[in-house]
Amino acid sequence: MLSLDLAGLRGGLASDMPSNLTITEFGTSADGRRADLYTIRNERGAEVKITNYGGIVTSIKVPDRHGQLGEVVLGFDSLREYLGAHPCYGATIGRYANRIAKARFLLSGREYRLAANDGSNHLHGGYKGFDKVFWEPDPLLAEESSALRLRYLSIDGEEGYPGNLSVSVTFSLSEDNALKIDYAATTDETTILNLTNHSYFNLTDGGSSDILDHELRIEADYYLPIDREALPCGAVREVAGTAFDFRRSTAIGLRIADKDEQLLFGEGYNHLWVLRDTEETPAHAATVSDPKSGRIVELFTTEPGVQLFTANFPANMFRGRDGSFCPSRGGFCLEAQHCPDSPNHPEYPSTVLNPGEIYRQTTIYRFSV
Ligand code: GLA
């Protein structure tokens, strides 16, 4: 296994500059595309691994209450497995995260048709979304803490979307164990954009057990009800008095099996909460704590919503890091994003991006005990 310490690589540049970013080979696809794995480590030993294939966060290791470093996301340790079937583990999702009804939308008086890759609807950018492309890596070396920027040019018409779209996603890890993800994008033609990260967290063991005892709090008074196809029905609904009320820290599993139409449609939680605070700077959106390990993850974001998905797939459907099957509810996703199907719902915050505008999003997952 080839491991490159960037400090050495820079050779004559500033060889004494410390670097907490290392590169290792991750694999090569059938058409010869090479993927690398970028490991960012902070002084406290926490680490994040990201590959330029799909902009995927493959691993996050943080300490538990005893200071023991452990894995807290679902994923794999080689490219080969990510080229196989998996439910978007850790991926960067785009151009449009979540669903677009009937795989079509109207924009500037013109109808755009997208891939119907989720029944008759469009999901996560189509058959070959941003989670299945090779991003251009651009390691950003800094005295204090290095970061990884990934760039991708999505050409006009890709998966049916208009406009040549230049996207960058920058991952950095701070000394207080916060993984920050900065998104930016520009276009040369009016288009739509809704980016997110699809990490599945399991604060106990990275996916061998279920997360039903994890305690969740979401800073939201409303959520978006869905229909049988997991499409939003339109109006927001109050969380008060429902199984969607996470205004106080509550075990994810407490009400997940309730005979509630919304939970039946979602096969568990697969809904967007409308966040109370949406500002230029990332606002606190949610907190999850694991009574077993003592680990906590807090979500901060500039996005107006967060999609909670509780890995509602059968136990023997997807494999995990050690090759064994992932249990149902083996992880939870907190996908900071705009509302699903916004192009067909003018009442939701707009996802339209025009030439001359810069799309920006900052989302932070901060780990503690
Ligand atoms: C999102 C969707 C889910 C499922 C997962 C994995 O969380 O809301 O319905 O599709 O992605 O793809």
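Positions are given from 1 along the sequence. Start at 1 and go down the list; that is how both ligands and their atoms are numbered.
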N-O pairing of R151 and E136 below 4.0 Å: no

Show the atoms of ligand 1 that are less than 4.0 angstrom away from any heavy atom in R99. 2 (C), 3 (C), 8 (O), 9 (O), 10 (O)

Would you mind telling me if ligand 1 is within reach of the side chain of D118, the backbone, both or neither, using heavy atoms under 4.0 Å? neither

When you check the gap from the basic side-chain N to the acidic O, do R217 and E219 get nearer than 4.0 Å? yes

Quick test: of every protein heavy atom, which one is nearest to atom 4 (C) of ligand 1, and how far off is it to 0.1 Å? F309 CZ, 3.9 Å

Which heavy atom of the protein is the closest neighbour of atom 5 (C) of ligand 1, given with residue, atom name and distance? H198 NE2, 3.5 Å

What part of F313 sits under 4.0 Å from ligand 1 if we count only heavy atoms: the side chain, the backbone, both or neither? neither

Within-cut-off N or O pair, N270 and ligand 1, under 3.5 Å: yes

May I ask you to say whether R321 pairs ionically with E71, meaning some side-chain N is under 4.0 Å from a carboxylate O? yes

For S199 and F201, indicate whether the former's side chain and the latter's backbone hold a donor-acceptor pair under 3.5 Å. no

Find all atoms of ligand 1 within a distance of less than 4.0 Å from any non-hydrogen atom belonging to Y200, and give their numbers and elements. 6 (C)

If the cut-off is 4.0 Å to any non-hydrogen atom of Q307, which atoms of ligand 1 fall inside it? 8 (O)

Under a 3.5 Å distance rule, please check whether Y127 uses its side chain to pair with a backbone N or O of A116 as donor and acceptor. yes

Of I256, T310, L254, which is the lone residue that meets side chain to side chain contact (heavy atoms under 4.5 Å, CB included) with L212? I256

Counting heavy atoms only, which of E335, H86, H124 comes nearest to atom 12 (O) of ligand 1? H124

Y359 and H338: aromatic ring centres closer than 6.0 Å? no

Ligand-side contact atoms (ligand 1) for residue partner P87, heavy atom cut-off under 4.0 Å: 6 (C)

Is the centre of the Y53 ring less than 6.0 Å from the centre of the Y82 ring? no

At a 4.0 Å threshold, what atoms of ligand 1 neighbour a non-hydrogen atom of L123? 10 (O)

